[in-house]
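First up is the structure itself, then whatever we jot down about it.
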Amino acid sequence: MKFVVELSSKCSGRLGLLSNIERLPERCINTPFLLFVNPNLSREVLELNFCLKSDFGVALPISKTEQMEEPLQLSKKGISEFIGLSECLTFLTFQNTSELTRTGHHEKGSIPVFRTAGKINLNTQRYMNIVEVSKPDFYLSLADSDTWKDCPKRRLIKSNERSQEFFEECISHHKKINSKSKLIATVEGGYNMHERKKCIDYLKKEDEYISGFLIDGFHRNGFEATQVDVDAMTEIVEKTVEILNNDKVRLMFGAYLPHVTLQLISLGIDIFDSSFIQIVTNMNRALVFNFDINNPVKRFPEIDLTDEKYKEDFTGFLENCDCLACRQHTKAYVNHLLITKELLAPMLLTIHNLHHYKRFFEVIRECIKNNKLPELIKLVTDQYKEAGSLIYEQPEITDKYIKKHNASSK
Amino acid sequence: MTKPSPLTYKVLSKCSSSKARRGLMILRQNKPVELPVFMPVGTQGTLKGILVDQLKQDNMNCQIMLGNTYHLGLRPGPEILKKVNGLHNFMNWDRALLTDSGGFQMVSLLELAEITEEGVKFQSPFDSTKESMLTPEESIKLQNVIGADIIMQLDDVVKTTTTGPRVEEAMLRTIRWIDRCLEANERNEDQSIFPIVQGGLQPELRKQCAEALTKRDVRGFAVGGLSGGESKDEFWKIVSLSTDLLPENKPRYLMGVGFASDLIVCVALGIDMFDCVFPTRTARFGCALVRKGQLNLRQQKYECDLEPIDKRCKCSTCKTYTRAYIHSIINEPLMCSLVSIHNVYFQLQLMRDIREAIDQDKYPEFVKTYMDELYPENKPQWIVDALNSVNIKL
């Protein structure tokens, strides 16, 4: 695997190129790049909308894939073929970023993984077995990422200690299995620079085995990522990036709002996942924020398709959008599908939202190239700031809320 | 200039042994429907978890779909459907549609529906204090708004197993209601009403009904009131009797029938059109249809089964995924989409195979091969008898 930074400027992001991926030698992936997390559309539906051969990548959370271990062991062909997306870049992760992860439940030597079928404790041995049979192009080193903005110091320290153990176990496995899968090291340490440094110190000891870094531990996934303290987070990200190697790919996962994602890109983050799309879709919304800097009109960034006012609106979600949902269907139809709880509703919303977000990433790359990222940041930030708390209200996060919230994504 | 007929039907070829026939129905705007056909049910303006484009792919090639008037009348409701100029536009489906009358669902879904000479009296499912009446005129008015190519008369539905004078009353009322429906149809030049042969399990009543209905100026017929718990022995005899009574030059639709063996037998008995929720409903529970019956992919034994659902199947699910993969996502919505695609394809492919066999005048051979695979041991007696009655010896 090769990662080359093609263009980089302080506070204006960087353009990179991922190539020489062992399983997909012809593929060139341009960063900043978006991974489709937990792909919930069939291959046929994806092919009707996206070019899988050019720049499609998927992030596969362990909670949705651990049950595939045995058939994968038997098939020997790896997870990309098993899930019907053999030409897509695959990325195995240990947390489902589109659902809120319950805090606590830690047991020695393992991380809790919350599946539809209940909780399991995942240790490094099992995790690395799954990596071995899944043969993803990339995988994350196992870590304890159960930290958040105001989490107690002792949790932060504990998380880091546990993560170090997991990392060292992962690395020793990684060396043994001589896998073609590339390791992305997970950087923990929450909002504490001292802990971050400590973490990076032990990671860097194995520098030659590490293909990139995931800067993790700012939230517990799901909706919480839309609520992060942006200033506090970006401050830590900026300092963390400074001490990471420049020639390694940097990732951040979670449902950051679009203008926050842009800020992270400007700080030099290269790869994101689409958990934000899942959050938006679960709220029955279509993304319509404008990212055309040549025509910088401001729009209310997201529309709620269950709204009564769309009952008789026979136009697509977004004028001039060329996704399948907008070309073929109307707000009124999707409103009907949502009210009648038809499965086609989240399918059409996912198609549109993913299309919109992938286009957004294309525009981001163009803007970095043309040195126009600040304009894009302003346009998108204005739209989200003006909509303000109207669209992302802080819910009180209780067990009941988690149940309800995660149930709606099933 | 008068508009061309919204439904023309032509027999293309006939089986030289049985009553099976290969036909072509052309609906308004030149929409072809090759017969015999299975119509998947898209109750609320969508086939669950399937895109319109997937149904129109070359391998799938779904030509006609069914919508339920009762559900569509409640949501999105006639006002919205009127504004968008019908269900075709609403769901962006430019191929053929058929709607039922709404009566059957009212009687089966609502506890308090009551049938009188005027129509079906029922309580609103959303507001139990509201009482409404679905008359034959109302049903057609609603179906005129939905705008399907083929629409159904409101009939007086009784349980298939009902006996006594109520069966005759329902049959006679169905005849009276067809005239009210035909009279009420404001879009006769676009939409063809099919009357429904009723009469329970009594041959004399079926005969009386068919004779009366065939005197009406209609473009096709349905056989109703079956597939509701009667014995298979009674079922096939009534189907066969009905097709004998119906004219050769019009399509015949057997309502609510969709198991593979039923389709094969009833085609031999002269039926052209079928519908059933079973293939899509069973898909939601992880049951995939195969020639030998069905696979419940939820079962543990599929965990490491790296074969597709059916090696011979050319649907997009079988081309891409294994049984083990579907088993591994059994609780995810994607499972429902994948198995629905397979099951709808299975039904449509079965009908394509049937049509090809009739075209080549090899239907009896086709039936034998299929039944041997489906029932390698003992074939159900009713299937043997039914096929025997039309000169197909198993």
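Residue B:Leu306 touches chain A through its side chain alone, counting heavy-atom pairs closer than 4.5 Å. Heavy atoms of B:Thr46 lying under 4.5 Å from chain A belong to its backbone as well as its side chain. The contact between B:Leu338 and chain A is made entirely by side chain atoms (from C-beta outward), counting heavy-atom distances below 4.5 Å. At a 4.5 Å heavy-atom cutoff, the contact between A:Glu342 and chain B is made by side-chain atoms alone. When heavy atoms are compared at a cutoff of 4.5 Å, A:Leu85 does not approach chain B at all. Contact annotation for B:Phe90: both backbone and side-chain heavy atoms come within less than 4.5 Å of a heavy atom of chain A. In this structure, chain A has a heavy atom under 4.5 Å from the backbone of B:Ile50, while its side chain stays farther away.
Of the listed residues (B:Lys48, B:Lys83, B:Arg75, B:Glu79), the greatest number of heavy-atom pairs within a distance under 4.5 Å of chain A belongs to B:Arg75. Ranked by heavy-atom pairs shorter than 4.5 Å toward chain B, the options A:Asn335, A:Val45, A:Leu72 are led by A:Val45.
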*Let me see the working for B:Ser316 and A:Arg43 under side chain to side chain contact (heavy atoms under 4.5 Å, CB included), right down to the final yes or no.*
CA-CA 8 Å; B:Ser316 63; A:Arg43 176 182 179 85; over 6 Å; no
*Check the pair A:Glu44, B:Lys319 against salt bridge (Lys or Arg N to Asp or Glu O under 4.0 Å), reporting the backbone distance first and the verdict last.*
CA-CA 10 Å; A:Glu44 186 179 39; B:Lys319 267 195 295 190; over 6 Å; no
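Looking only at side-chain heavy atoms (C-beta outward), B:Gln57 and A:Leu48 come within less than 4.5 Å of each other.
The distance from atom OG of B:Ser328 to atom NZ of A:Lys64, rounded to the nearest 0.5 Å, is 11.0 Å. Note that the OG1 atom of B:Thr320 and the CZ atom of A:Phe82 stand 13.0 Å from one another [nearest 0.5 Å].
A donor-acceptor pair under 3.5 Å links the side-chain atoms of A:Tyr333 to the main chain of B:Gly45, judged by distance alone. Looking at A:His336, its side chain never comes within 3.5 Å of a backbone N or O of B:Met91 through a donor-acceptor pair. Formation of a donor-acceptor pair under 3.5 Å by the B:Asn92 side chain with backbone atoms of A:Gln328 is found in this model.
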